[in-house]
Amino acid sequence: MTVADADLGRHSELPPVPVDPRSARTVGWLGATALLPMVAAHVVGASVVDPVLDPISWYAFVPGGGELILAGGLIMALLGLILTVRMYRAGLAVGPVPAAAMILFAVAMILVGAFPTDPPDTAVTLSATIHRVSAAAAFCVLPVVGLSLERSIQQPRSGLPRGLRTAASALGVVVALFLLVHLSLVFFADSGIIAFGLIERIGFMIMIGYLFLLATTIDREDLNPGRVTAGIARHAVVETDVAASALALSGSRSADLVG
């Protein structure tokens, strides 16, 4: 084996196609931005709303709280629409189901903030009904998106599509728990569920985590020929540079041995 072959062997683990994590970055930035209004609402309503017992929607009764909830919902809606465009551009989404589900998610997140729930111990109004149905719908449609993408990816490059199916099942359990919590609010003044405010907050964190998994899957499984070709071209340049450096090094060593 020549010196050049030995030098090239050290670089055999270079990825064949570099992965651009742009969708994951988008979820990271917009997800963190969406959490800022929610954190602000918790600070503003710290003396009124118990984050362990009371639902997030009760921050609407705090001055400025309703606007903060709406701001967070708008950012999450924008995030959902961006991921919708990218999953179709990547060739991973097939048919109208993923788009319809993500559009429904975006609309639901906006309606959650636009229609506040009712104050405690009051009759249920139309606004509160829209609020609760929208919150439930936002959770219900996300597993549909993940399962649809998993079915459309025929030749996965990673284990992420299978992870989408597993995560969709886990999210389904969260959805069932979420519906249980909110249905109890419809029929009973008190939910009767211990720490149900905390459960709801954990559910929204899981929602963001699921969106991050969707984004990472889009980045890793992208079938766009332009991006794949560009990635292969960049990798070819790297391999050429490595080979040239190795040959130059081999030549210099041979010259030293002759001298």
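- Both Leu160 and Tyr88 sit in one connected hydrophobic cluster of ILVMFWY residues. Membership requires side-chain heavy atoms under 4.5 Å apart, directly or through other members.
- Arg132 has its side chain within reach of Thr117: a pair of non-hydrogen atoms, C-beta onward, lies under 4.5 Å apart.
- Closest heavy-atom contact between Ala77 and Ala106: CB-O, 3.4 Å.
- The closest donor-acceptor contact from the side chain of His131 to the backbone of Val112 lies under 3.5 Å.
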Q: Given side chain to side chain contact (heavy atoms under 4.5 Å, CB included), test Ile56 with Glu200 step by step and report yes or no.
A: CA-CA 8 Å; Ile56 297 174; Glu200 188 183 56; 3.5 Å; yes
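- At a threshold of 4.5 Å between non-hydrogen side-chain atoms, the residues Leu149 and Met87 count as touching.
- With respect to Leu83, the side chain to side chain contact (heavy atoms under 4.5 Å, CB included) criterion is satisfied by exactly one of Val145, Val27, Leu78: Val27.
- Heavy atoms from other residues, nucleotides or ligands lying under 6.0 Å from CZ of Arg25 number more than 12.
- With a 4.5 Å cut-off on side-chain heavy atoms, Glu221 and Pro156 count as touching.
- Pro116 places none of its side-chain heavy atoms less than 4.5 Å from the side chain of Ser57.
- Of all the heavy atoms in Pro161 and Ser158, the pair that sits closest is CD-O, 3.5 Å.
- The CD1 atom of Ile130 sits 8.5 Å away from atom OG1 of Thr125, with the distance rounded to the nearest 0.5 Å.
- Listed here is the closest heavy atom pair of Asp54 and Arg201: O-NH1, 2.7 Å.
- Between Pro55 and Val49, the shortest heavy-atom distance links the atoms O-CG1, 4.2 Å.
- Using a distance-only test at 3.5 Å, with no hydrogens or angles considered, no donor-acceptor pair links the side chain of Arg220 to the main chain of Ala215.
- The CG atom of Leu35 lies 11.0 Å from the CG atom of Leu30; values are rounded to the nearest 0.5 Å.
- A distance of 11.5 Å separates CD1 of Ile218 from CG of Leu223, quoted to the nearest 0.5 Å.
- The two residues Gly31 and Ile208 come nearest to each other via the heavy atoms O-CD1, 4.3 Å.
- Annotation: Phe61, atom CZ; neighbour count of heavy atoms from other residues, nucleotides and ligands within 6.0 Å is above 12.
- Residues Leu211 and Ile82 share a single hydrophobic cluster, defined by chaining ILVMFWY side chains whose heavy atoms lie under 4.5 Å apart.
- A side-chain donor-acceptor contact under 3.5 Å links Thr26 and Arg86.
- Contact check for Tyr59 versus Pro51: side-chain heavy atoms found under the 4.5 Å cut-off.
- The side chain to side chain contact (heavy atoms under 4.5 Å, CB included) test with Leu164 is passed by exactly one of Leu214, Ile153, Leu147: Leu214.
- Atom CD in Glu67 sits 9.5 Å away from atom CD1 in Ile69 (nearest 0.5 Å).
- Hydrophobic clustering (ILVMFWY, side-chain heavy atoms < 4.5 Å, transitive): Val141 and Phe212 are in one cluster.
- Distance CG/Leu81 to CE/Met76: 11.5 Å, rounded to 0.5 Å.
- Note on Val48: it clusters hydrophobically with Met38, by side-chain heavy-atom contacts below 4.5 Å among ILVMFWY residues.
- Cluster membership for Val133 and Met109, using ILVMFWY side-chain heavy atoms within less than 4.5 angstrom, is not shared.
- With Phe105 as the partner, the side chain to side chain contact (heavy atoms under 4.5 Å, CB included) test is satisfied by one option alone out of Leu79, Val144, Leu142: Leu142.
- One distance of note links CZ of Phe115 with OG1 of Thr129; it measures 11.0 Å at 0.5 Å rounding.
- Minimum heavy-atom separation, Ala167 to Leu213: CB-CD2, 3.6 Å.
- Looking at Tyr210, its side chain never comes within 3.5 Å of a backbone N or O of Phe139 through a donor-acceptor pair.
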